[in-house]
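In what follows, a structure is listed as structure tokens, so that the remarks can point back to it.
First the proteins, then the strands, lettered A, B, ... as listed; each starts at 1.
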Amino acid sequence: MSLKLYNSLTSKKEIFKSISGKKVKTYGCGPTVYNSPHLGNFRTFVFYDLLNRVLKMNGYKTETAVNITDIDDKIIDKVNEQKTTLKEVTSKYELSFMELSSSLKILPNNYNPRATDYVNQMIEFIQTLIDNDLAYEMDGNIFFSIEKYPHYGKFVKINDDLEIEDIDLSKKNRSDFTLWKARKEKDGEIFWKSQWGEGRPGWHTECAVMIKTLFNGQLDIHCGGIDLKFPHHENESAQIEAIQKHNLSNYWLHAEHLNVDNEKMSKSLGNFVDVKKLIKENGSNIVRLFLLSAHYRTKVSFNQKKIDDCKKMINKINRFASNIIKSDEKINLKFSEDHNKFIDALNDDLNTPEALGVFFSFVTKMNKKIAENSFNDSDNIKSFIFLKLFNSIFDIIDLDNLQENEIPKEVQDLLVSRQEARDNKDWKLSDNLRDKLSEMGWIVEDSVDGQNLLKKK
RNA sequence: GGCGUCGUACCCAAGUGGUUUAAGGGAUCGGUUUGCAAAACCGCUAUUCGUCGGUUCGAAUCCGACCGACGCCUCCA
């Protein structure tokens, strides 16, 4: 099955066609670095990573960018509040974003452009818009004029019956948006010089110009959180498509929100979950699985019960994986029907819950064979391939250490003693030794074949 | 007010016209196995998909109304 993606431009699933062969260019709107990103933010960032991984699975060579918004009102507020510098604030939270991304196993992007590194290009770009009569100046601010751009409204139906009630006289049209903001007193030292005076670029222009510079204004896929669809993405594409002949992006993908108690998780509501803390308490694999266990276009509520459920799921996978012997990867890399079902699910608009279902059905099928003692070499290879395939997307199990080959001497000795106790039917000693091993971080289970040792994860 | 998304078992969550008398995970209960425990396996748990109508040979899936939740329209992943 070929890759299908839900395109916000058409509100339909479409077969993905790249602009040039096996190369795909993607851009995702990244964090505004005035604070550490919360779990809701990371739902979106993990979604970008999912897309990247699924594209790779389909043999595409991806060129990805996730920007760092380091010019923004909230950052300026923080700078004033803490009486510090812009760089001081932004570098701190940029680092936090990068560290958390990496601990959640988000594959590195090709670019993480910072708005501050593209201000000259932004000024140039805004001037081009003015020269083409698409933008106008008012009190040192530059606005994009939507009247001059007939295609405005690709994401949202615009109702134009409200202009009478609009008292804001600082711009011509209610929907005109800022390309350049004139310097205000509270901006302090945060400003850039331009032909229109001191000021700074507007958010929509930042993204547009970074895409223009890095990708020549042409993307295969543009992603973002659902809240950015309008007006951010509308404005971003309007200004750039007003002066270039081709689309800014052929596909636009939007991730739904993470809710807490039925409300959007946000910093302003104060209901956000601290990712760092959550990872520390549960491990990054569980957090990753939680974020991937619902489809990216559905609303998800956060609660501890779901995290606990994910923990159990991972335990189940790890237990299964501990039965699998690593195979030579070069032989027999053929996918069977089970593998293909998994791939098909992901190719159907990144349907991770369905893919998980396929994977767990396979696990149960193989566990049954193991229980019945009919699990053979071919099943092992199949399982190993599936684990590898599964991990290439979900990335939540440690495949390099399928078997614990380094068992400490102390643990080995205890196992020997326990076996002796068991041979003597000394159940009390056997149980004591089991408790002792448990305290040391090892789970021992008895089966017909003897003791099985598992390291606690 | 305008635009949009969603409502599936005890909880989570796929499915969006017939292969589904609804995947998968968690939970409960019962069973197999076991000295015990754990794990694993098997079985039970939605004749039903917010409600009411309509279209159709056939609908959870399409259409309409209503109820409920959420989001965007101002910064926001």
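- Distance check on atom P: U34(B) versus U19(B) gives 41 Å, rounded to whole Å.
- Geometrically, Lys267(A) engages Tyr34(A) in a cation-pi contact defined by less than 6.0 Å to the ring centre and at most 45° from the axis.
- Between the C1' atoms of A23(B) and A14(B), the separation comes to 6 Å (whole Å).
- Ranking U5(B), A40(B), G35(B) by closeness to the Lys316(A) side chain, first place goes to A40(B).
- Rounded to whole angstrom, the span from the CZ atom of Phe290(A) across to the P atom of C11(B) amounts to 17 Å.
- When heavy atoms are screened at a 4.0 angstrom cut-off, Ala294(A) is found touching the sugar-phosphate backbone but no base atom.
- Taking atom CG of residue Asn259(A) and atom P of nucleotide C12(B), one finds them 13 Å apart after rounding to whole Å.
- Here A14(B) presents its P atom at 12 Å from CD of Glu256(A), a figure rounded to the nearest Å.
- Environment of CZ in Phe272(A): sparse, with no more than 12 heavy atoms of neighbouring residues, nucleotides or ligands closer than 6.0 Å.
- No donor-acceptor distance shorter than 3.5 angstrom exists from the side chain of Asp348(A) to the backbone of Ala345(A), with no hydrogens or angles considered.
- Judged purely by atom type and a 3.5 angstrom limit, Asn380(A) has no side-chain atom pairing as donor or acceptor with the backbone of Ile324(A).
- Mapped onto RNA chain B by nearest heavy atom, Asp309(A) and Ile370(A) fall at different nucleotides, with Asp309(A) at the one closer to the 5' end.
- None of Asp72(A), Thr90(A), Val89(A), Ile71(A) except one satisfies the side chain to side chain contact (heavy atoms under 4.5 Å, CB included) rule with Val33(A); the exception is Thr90(A).
- Under 4.0 angstrom from either OP1 or OP2 of A77(B) there lies at least one side-chain N or O belonging to Thr32(A).
- For A14(B), neither phosphate oxygen OP1 nor OP2 lies less than 4.0 angstrom from any side-chain nitrogen or oxygen of Asn351(A).
- Counting non-hydrogen atoms under 4.0 angstrom, Gly40(A) reaches a base of the nucleic acid.
- Between Trp192(A) and Pro201(A), the closest heavy-atom pair is CE3-CD, 4.5 Å.
- Between Lys305(A) and A27(B), a side-chain N or O to OP1/OP2 separation shorter than 4.0 Å is absent.
- Look at U32(B): its Watson-Crick or wobble partner, with both distances under 3.5 angstrom, is A40(B).
- Evaluation of atom-type donor-acceptor distances gives a pair under 3.5 Å for the side chain of Arg434(A) against the base of A37(B).
- Among the heavy atoms of the strands, none lies under 4.0 Å from Gly28(A).
- Going from atom CG of Asn262(A) over to atom P of C12(B) covers 11 Å, rounded to whole Å.
- Summarising the geometry, the separation between OH on Tyr6(A) and P on G15(B) is reported as 13 Å, rounded to the nearest angstrom.
- Within the nucleic acid shown, Lys425(A) has no heavy atom closer than 4.0 Å to any nucleic acid atom.
- If you check A77(B), C73(B), C3(B) against the side chain of Pro231(A), the one that comes closest is C73(B).
- When the C1' atom is compared between U8(B) and U61(B), the two are found 12 Å apart, to the nearest whole Å.
- Of the candidates C36(B), A77(B), C41(B), the closest approach to any side-chain atom of Asn41(A) belongs to A77(B).
- Nucleotides C12(B) and A27(B) place their C1' atoms 11 Å apart, quoted to the nearest Å.
- Within the nucleic acid shown, Lys368(A) comes within 4.0 Å of sugar-phosphate atoms alone, with no base atom in reach, counting heavy atoms only.
- When the C1' atom is used for both C6(B) and G26(B), the distance is 23 Å, rounded to whole Å.
- The number of heavy-atom neighbours closer than 6.0 Å to CG of Asp139(A), taken from other residues, nucleotides and ligands shown, is 12 or below.
- Taking only distance into account, the side chain of Asp227(A) never meets the base of C75(B) through a donor-acceptor pair shorter than 3.5 Å.
- Pairing of C10(B), defined by two Watson-Crick or G-U wobble distances under 3.5 Å, is identified with G26(B).
- Between the NE2 atom of His257(A) and the P atom of G4(B) there is a distance of 17 Å, rounded to whole Å.
- Across all strands shown, U5(B) forms a Watson-Crick or G-U wobble pair with A69(B), both key distances being under 3.5 Å.
- Nearest-nucleotide mapping onto RNA chain B: of Ser430(A) and Lys229(A), the residue sitting toward the 5' end is Lys229(A).
- At C72(B), one or more side-chain N or O atoms of Lys264(A) fall inside 4.0 Å of OP1 or OP2 (strictly under the cut-off).
- Remark: Lys280(A) NZ is loosely packed, at most 12 non-hydrogen atoms of other residues, nucleotides or ligands lying under 6.0 Å away.
- Here His38(A) lies in heavy-atom contact (under 4.0 Å) with a base.
- For U74(B), neither phosphate oxygen OP1 nor OP2 lies less than 4.0 angstrom from any side-chain nitrogen or oxygen of Ser268(A).
- A gap of 28 Å separates the C1' atoms of C11(B) and C66(B), to the nearest Å.
- No contact: Asn303(A) has no heavy atom under 4.0 Å from any strand.
- When both distances must be under 3.5 Å, the Watson-Crick or G-U wobble mate of U61(B) does not exist.
- Residue ring and nucleobase are not stacked for Phe360(A) and G24(B) under a centre distance beneath 5.5 angstrom and an angle between planes beneath 30°.
- Comparing G53(B) with G43(B), their P atoms are spaced 37 Å from each other, to the whole Å.
- When heavy atoms are screened at a 4.0 angstrom cut-off, Ser361(A) is found touching the sugar-phosphate backbone but no base atom.
- Nearest heavy atom pair, residue Lys382(A) against residue Ser336(A), reads CE-OG, 3.4 Å.
- As rounded to the nearest Å, G15(B) and U5(B) have P atoms that lie 16 Å from one another.
- Pair check for A46(B) finds none; no Watson-Crick or G-U wobble contact set falls under 3.5 Å.
- Of the candidate nucleotides C70(B), G35(B), A40(B), G35(B) has the atom nearest to the side chain of Trp427(A).
- Relative to the ring axis of Tyr136(A), Lys172(A) places its NZ or CZ within 45° and under 6.0 Å from the centre.
- The residue Arg297(A) sits apart from the nucleic acid: no heavy atom pair falls under 4.0 Å.
- Here G71(B) presents its P atom at 22 Å from CD of Glu234(A), a figure rounded to the nearest Å.
- If you take CG of Leu253(A) and C1' of U5(B), they are 16 Å apart, rounded to a whole angstrom.
- Counting any heavy atom pair closer than 4.0 Å across all strands shown, Asp73(A) reaches no nucleic acid atom.
- Taking only side-chain nitrogens and oxygens, Thr364(A) comes nearer than 4.0 Å to OP1 or OP2 of G25(B).
- Using a 4.0 Å heavy-atom distance criterion, Lys312(A) is classed as a sugar-phosphate-only contact.
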